[in-house]
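As the structure is a prediction and not an experimental result, all values here were calculated from the model. Index from 1, following the sequence.
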Amino acid sequence: MPRHHPRRRLILAAAPFTLAGLVLAGCAAQAVASDPTSTSNDTSSTETAAVVDSDLSAAAVLAANADVTTVNDDEWSESDAADISLSGSTASSDSDAVSIDGSTVTITAAGVFRLSGSLDGQIVVAAPDDAQVVLILDDADVTASDSPAITVTGADDVALYLADGSANSVSDASSYADDAEANAAIYSDADLTISGTGSLEVSGNGNDGITSTDDLVVLSGEITVDAADDGLRGKDSLTVEGGTLAVTAGGDALKSDQDADATQGFVAVTGGTVELTSGDDGIAVATDAVITGGTVTISAGADAATASEGAKGISAGIVVAVDGGEVTIDAADDAIHSDGSVGVGGGTVTVTSGDDGVHAEQRLEIRDGEVTVTDSYEGLEAVDIAISGGSVDVTASDDGVNGAGGDTATTGQAGGMGGGGGGEEDTGQSIAISGGSVRVSSGGDSLDSNGSISLTGGTTVVSGPSDSGGQGALDANGDITIDGGELFVAGTVLVTPTGSQQWVAATAAGSAGDTVQVTDASGTTVATFEADRDFGAVFYSGPAITDGGSYTVAVDGTTAATVTEGSNVAGGGMGGGPGGGGGGGRRSPALTPAGRYPPKTWELPANRRPTAGRGCGPTRFSESWPVHSPNGKEKHAHADPDRRRGRQRDRLAGARRPRRRRPHP
């Protein structure tokens, strides 16, 4: 039955792309072009790019997707059930819709069937295309040696109902042929719904645990899946509305990989308790990953012996939308990754990452909720980052919040709070904080943008880096503008910002845990905050600072400096990186000598540099390339197309067969 009303979000747009070096960001639109100046020797191609809708709320994302088919418990009656008794290598039933051939039990018609007992064989559903088949598992154990335990080859909708108080299990073959279509312990060519209050243990020995080539929905039940490859796979969609789901998978734990239709290929978690342990991605989707409720715990790539180094917590081709629930992720690679955009509008998100905490190749917006990055290489990264509400707490060994991607051919910036370093130009990326609470502790630049940084509201507390070395508390190739909110900085390199709001800056050294206090000439405290890292300079901007006023900065109660609003001071810790790149503020030449803080040089070999693009034109690399950061850590651009979910948006134009959808009763 339908859960959402579909809204196509395919639009046509024209843009010139060359065949080589193009990657398609996760989006949902088509962009086509060729170079009008191309000669007959030029290689050009028509490519499909995707454009993410501006509304990243979970409701809007789901509304843009196809309806989901579900068999609810009130659509059938348990009193109508025909019994099937399983006994060793055979079974028995009085139903005319059940045929038994040795250890294979085949259901050939619509109806409700109760299975109990143990079978060393398989259950097959081969009913008409318009049939609804309900299998009640009532202490049923099915073990197959050379096939799936349950196979659905024909039906419209199939439901597995776990009887109250029952304990059920299925186990399949230890391996499958490479060309086998049915290759999961439970395999369905029809829409599949799982519900009930009993338990189900699934052993996917040869490949996947539970697979539906259409929609897969979990309404309730206590389900445990242990799979050699993917845990649960709903090709068209996978929805979890309730119950308890524990998945251990050698590949992806939850997966939807329909890439021929932009309105399908999504995973939605709206309730229940979901615990995922995966060798590859925890949740992997061709289009959207949506969480609006429940508790989701993901450990991706935790087993070093079998896990992928690129294992991500959540990986989406178009949008990751979190508007509720409690999400906890520990991932070897990015904790949350989207080839398109990420939107957080509620709930609690806590992540630990071996690379980026939250990464979007287009837009990352946080409107509400709590986002905590407890450990990462870079905390938040996207072309455009907008924080308008909620609570954000980021800890990163390199950049804390990084506005990067799109059309940069080299990575890394230099300079301090203000103008871009090393002569780098403003390439249009942005970090905008207009509300909420933001706290960043970083070993590199705390707020770092290849374009601009804008603060108009909220409270932002920045700690780090502890030493300069080309890093700055705030670093932008373009303008850093402060027009509102409060900004607290305990770091090293500082440069004068632009904007209408006043500020004070001082050389003041301290350690992690020290309290920084700013008082005005009358002794009134106007700002107090605690530093998360060692520091050599302090900056504060807020509505209480007046033009030309005198302020005292103290560290743990000891006066460090008395300064005038809007002026730097000579000496340790103050100053900026090498100038250039589009401004960013009024820098004092005496305090920002060229070359004082050498830029990061993350230069790519010429044959591996990306083509320029913006927004929907992030970069494809011919192979995975290491980027050497100043701390010696290699940061990989994961360019393997098999790892970049949903990249090939040109496949979204493919047609699918018509679907029958059962409306709500």
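Listed here is the closest heavy atom pair of Asp334 and His359: OD2-CB, 3.5 Å. In terms of heavy atoms, Ser171 sits closest to Asn205 at OG-ND2, 2.8 Å. Counting all heavy atoms, side chain and backbone alike, Asp157 lies closest to Thr69 at OD1-CG2, 3.2 Å. Closest approach of Ser278 to Gly251, counting heavy atoms only: CB-O, 3.3 Å. In this structure, Ala149 and Val170 approach most closely via the heavy-atom pair CB-CB, 3.7 Å. Contact record, Ala58 with Val290: CB-CG1, 3.6 Å, taken as the closest heavy-atom pair.
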Item to check | Chi angles and distances behind the side-chain contact (heavy atoms from CB on, under 4.5 Å) call for Asp73, Tyr161 | outcome: CA-CA 8 Å; Asp73 297 345; Tyr161 181 80; 3.8 Å; yes
Checklist entry - Taking it one step at a time, do Asp172 and Tyr187 satisfy side-chain contact (heavy atoms from CB on, under 4.5 Å)? => result CA-CA 10 Å; Asp172 68 344; Tyr187 182 90; over 6 Å; no
Next on the checklist: Please determine whether salt bridge (charged side-chain N to carboxylate O under 4.0 Å, His left out) holds for the pair Arg367 and Asp323, giving the CA-CA distance in whole Å, both sets of side-chain angles, and the decisive distance to 0.1 Å.
Outcome noted: CA-CA 9 Å; Arg367 306 179 305 276; Asp323 276 4; 3.0 Å; yes
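The backbone N or O of Asp139 lies less than 3.5 Å from a partner atom in the side chain of Asn168, making a donor-acceptor pair. The backbone N or O of Ala260 sits less than 3.5 Å from a side-chain atom of Gln258, completing a donor-acceptor pair. At distances below 3.5 Å, at least one donor-acceptor pair connects side-chain atoms of Ser57 with backbone N or O atoms of Ala60. At distances below 3.5 Å, not a single donor-acceptor pair connects side-chain atoms of Ser220 with backbone N or O atoms of Ser195. Judged purely by atom type and a 3.5 angstrom limit, Ser212 uses its side chain to pair as donor or acceptor with the backbone of Ala190. Put simply, the side chain of Ser256 gets close to the backbone of Gly234: a donor and an acceptor are under 3.5 Å apart. Under the 3.5 Å distance criterion, the side-chain polar atoms of Asn65 are matched with a main-chain donor or acceptor of Val61. Judged by distance alone, with hydrogens and angles left aside, the side-chain atoms of Thr153 form a donor-acceptor pair with the main-chain N or O of Val125 at under 3.5 Å.
The line from OG1 of Thr374 to CG of Asp330 is 7.5 Å long, rounded to the nearest 0.5 Å. For the atom pair NZ (Lys255) and CG (Leu216), the distance works out to 13.5 Å, reported to the nearest 0.5 Å. To the nearest 0.5 Å, atoms CD1 (Ile123) and OG (Ser147) are separated by 10.0 Å. To the nearest 0.5 angstrom, Thr273 atom OG1 is 7.0 Å from Glu275 atom CD.
Of the N and O atoms on the side chains of Ser166 and Asp138, not one donor lies less than 3.5 Å from an acceptor on the other residue. A donor and an acceptor atom, one from each side chain of Asp120 and Ser89, are nowhere located under 3.5 Å apart.
Counting heavy atoms from C-beta on, the side chains of Asp215 and Leu192 never come closer than 4.5 Å. Between Gln264 and Ser237, the closest side-chain pair of non-hydrogen atoms is not below 4.5 Å. The shortest side-chain heavy-atom distance between Val112 and Ile136 falls under the 4.5 Å cut-off. The closest side-chain heavy-atom distance from Thr328 to Thr352 is not below 4.5 Å. At least one side-chain heavy atom of Leu135 sits less than 4.5 Å from a side-chain heavy atom of Ile107. Looking only at side-chain heavy atoms (C-beta outward), Leu219 and Ile194 stay at 4.5 Å or farther from each other.
Checking each of Val320, Ile314, Leu56 against Val342 for a side-chain contact (heavy atoms from CB on, under 4.5 Å) leaves exactly one that passes, namely Val320.
The residues Lys235 and Asp214 are annotated as not salt-bridged, no charged nitrogen and carboxylate oxygen being separated by less than 4.0 angstrom. Checked for salt-bridge contact, Asp355 and Lys312 miss the test: no charged N lies under 4.0 Å from a carboxylate O.
Legend: side chain to side chain donor-acceptor pair (under 3.5 Å) pairs involving residues 91-104, not counting sequence neighbours: none detected.
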